[in-house]
Amino acid sequence: MADMKLPTRSEDFSEWYNQLVLRAELADYAPVRGCMIVRPYGWALWENITAALDQRFKATGHVNAAFPLLIPRNFIEKEKSHVAGFSPELAVVTHGGGEELEEPLVIRPTSETIIGHAYAKWIQSYRDLPVLINQWNSVVRWELRTKLFLRTLEFFWQEGHTAHATSEEAEAETRRMVDVYTDFARNEAAIPVIPGRKSDAEKFAGADITYSLEAMMGDGKALQFCTSHNLGQNFAKAFEIRYLDKNGTLQFCWTTSWGLSTRVVGAIIMVHGDDQGLIFPPRLAPYQLAIVPIFKSDGEKATVMENARRLQRELADAGVRVKMDEREGISPGFKFNDWEMRGVPLRLELGPKDVAKQSVVLARRDRPGKEGKSFVAQQGIAAAVKQQLDEIQQALFDRALAFRNSRTVDAADYEDLKKAVESGFANSWWCGSGDCEAKIKEETKGTMRCIPLEQPGGSGKCVYCGKQASERAIFAKAY
RNA sequence: CGGGGCGUAGCGCAGCCUGGUAGCGCGCCUGCCUUGGGCGCAGGAGGUCUGGAGUUCAAAUCUCCACGCCCCGACCA
């Protein structure tokens, strides 16, 4: 019985995370180091994430396509900083059909190069622009240290790739996607994120500007939720993506790319979970409500199940994702704990007493114990359930935001910053110098997460060197 | 790649020091009993002890060599 309990988050956050992912059956380890099997429950969550995003991408004019997994190695080498950034983590295919290949192929670590190659063929005129394509796929990066969902050799994601006629349009697209992701993070994942700009040291290999959303996990560390890159003309020049403008002049395109991966599953776990297990935000939860029927005799079973099925239908018809727990020989108490561990936002308990009263017990996952339980009449159950789901969605966001605020320090001097990054975010004036950034990283292990888009204005003294600074930046230890 | 830990039943571990019939808990199967917060009882199935080599009458146990995984750093969505 003792080993049914998870380690608590405060005693070992990392172990809490690992065990929870395995026990809740979100994922499992694969035979190859660093690879992950996403199990049905985890994939169901990912499907809800992809649906919420895909709908937003399409609403902003993007279309989906599929580009190949294998890329000629020389493609990667065409963009100077891209090759420098990705070479160490490439998986290379050297043999095919029993023969050594004349030119090795790499398994895509990201698709800028192969898509750039295609765009060069497809784009001839300003009339062909903009090109707004997204793809859902998996990519491979030979990471040294892996962790389920957060960093695996192969990971699932989407990568959007766009080409534009002007620098301004490319920048607008890059920023538009930051807004789309921010909306998704806040309203679907219930995660407060800080949209911001990356430093030169932290930006994408081949980008002029990288924007990211940064989120605080339950242990105070930062996680990069997703990124959006303005690639300038770097890839356009490397792959000769050109168009004739209205004046008949040959111009290089301006391109962007933006991506979000299965890592956000890890973010959802680490932002919302508690010592009892997962807590999924209702809008993304595979099951929004689990019904636990309770009965002793066969006679009770018949009446309870009949009533339970009626409620199940009514809720499903109203658009609620319902799971009926019909497992036999397992006590209700076990099921309560089980669904709590699995993060289902609402639980509906139905026993003979409830049937008699034509009511149910609703238990909120975000409020443990009796406090979260309420008796609700069966009449109008769907409306009551939907309202509670909305409340939970909002409560999770509010709680995460309050937690982040409680662990974010406006660090005026270096001592403050050092202390702040031990437990959360430091928000400080930064002069923009890579030297200061590097020193801070070396001395505190805290890295420059982003320069928030929202700035207070004015100026102050750089937290490290004391020189005049006009921007504030977030420093934190990161995943 | 540096540091640490670990490979014994599906999972978690003991046994190893001091060599001699491979064990415990959970899970699983069958039956009974139970079911409103992680039920109970009885019976049962399940193992080339990560791999290889060596020492020995005898190796999970001692020696050497591989391999794998996890955790902590550097790198990263």
Whether A:K147 engages the ring of A:Y479 as a cation-pi pair (distance to the six-membered ring centre under 6.0 angstrom, angle to the ring normal within 45°) should be assessed.
no
Starting at atom [atom1] of [X], determine the distance to atom [atom2] of [N], rounded to an integer number of angstrom.
{"X": "A:Q19", "N": "B:C13", "atom1": "CD", "atom2": "C1'", "value": "13 Å"}
{"X": "A:Y181", "N": "B:A77", "atom1": "OH", "atom2": "P", "value": "13 Å"}
{"X": "A:L153", "N": "B:A77", "atom1": "CG", "atom2": "P", "value": "15 Å"}
{"X": "A:E300", "N": "B:G36", "atom1": "CD", "atom2": "P", "value": "12 Å"}
{"X": "A:M341", "N": "B:G37", "atom1": "CE", "atom2": "P", "value": "19 Å"}
{"X": "A:E89", "N": "B:A74", "atom1": "CD", "atom2": "C1'", "value": "13 Å"}

Identity of whatever pairs with [N] - Watson-Crick or G-U, under 3.5 angstrom:
{"N": "B:C6", "value": "B:G68"}
{"N": "B:C33", "value": "none"}
{"N": "B:A45", "value": "none"}

Quick one, which residues of residues 343-379 of chain A touch RNA chain B with a heavy atom under 4.0 Å?
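Here the set is A:R347, A:E349, A:G351, A:P352, A:K353, A:D354, A:V361, A:K373.
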Yes or no on side-chain contact (heavy atoms from CB on, under 4.5 Å) for A:T113 and A:H82, after CA distance, side-chain angles and deciding distance?
CA-CA 9 Å; A:T113 59; A:H82 196 63; 3.8 Å; yes
Taking the nucleotide of RNA chain B with the closest heavy atom to each, which residue, A:E15 or A:A201, is nearer the 5' end?
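Between the two, 5'-proximity favours A:E15.
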By nearest nucleotide on RNA chain B, pick out whichever of A:T152 and A:D338 is the more 5' one.
A:D338
Of the listed nucleotides ([options]), which one gets closest to any side-chain atom of [X]?
{"X": "A:R141", "options": "B:C71, B:C39, B:A77", "result": "B:A77"}
{"X": "A:Y29", "options": "B:A77, B:C70, B:C76", "result": "B:C70"}
{"X": "A:I294", "options": "B:G73, B:C76, B:U35", "result": "B:U35"}
{"X": "A:P332", "options": "B:G37, B:C71, B:G36", "result": "B:G36"}
{"X": "A:E340", "options": "B:G37, B:A77, B:C39", "result": "B:G37"}
{"X": "A:K441", "options": "B:C72, B:C75, B:A77", "result": "B:C75"}
{"X": "A:F334", "options": "B:G37, B:C71, B:C39", "result": "B:C39"}

Contact under 4.0 Å: A:N18 side-chain N or O vs B:C71 OP1/OP2
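Yes, because at least one side-chain N or O of A:N18 sits under 4.0 Å from OP1 or OP2 of B:C71.
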Would you classify [X] as touching base, sugar-phosphate or nothing, given that sugar-phosphate means primed atoms plus P, OP1 and OP2, and contacts are heavy atoms under 4.0 Å?
{"X": "A:L223", "value": "nothing"}
{"X": "A:T146", "value": "sugar-phosphate"}
{"X": "A:S212", "value": "nothing"}
{"X": "A:Y17", "value": "nothing"}

Identify the residue among A:F75, A:W142, A:F204 that makes a ring pair (Phe, Tyr, Trp, His ring centres under 6.0 Å) with A:F86.
A:F204
Results of side-chain contact (heavy atoms from CB on, under 4.5 Å) for A:I330 - residues two or more places apart only:
A:R327, A:F334, A:K335
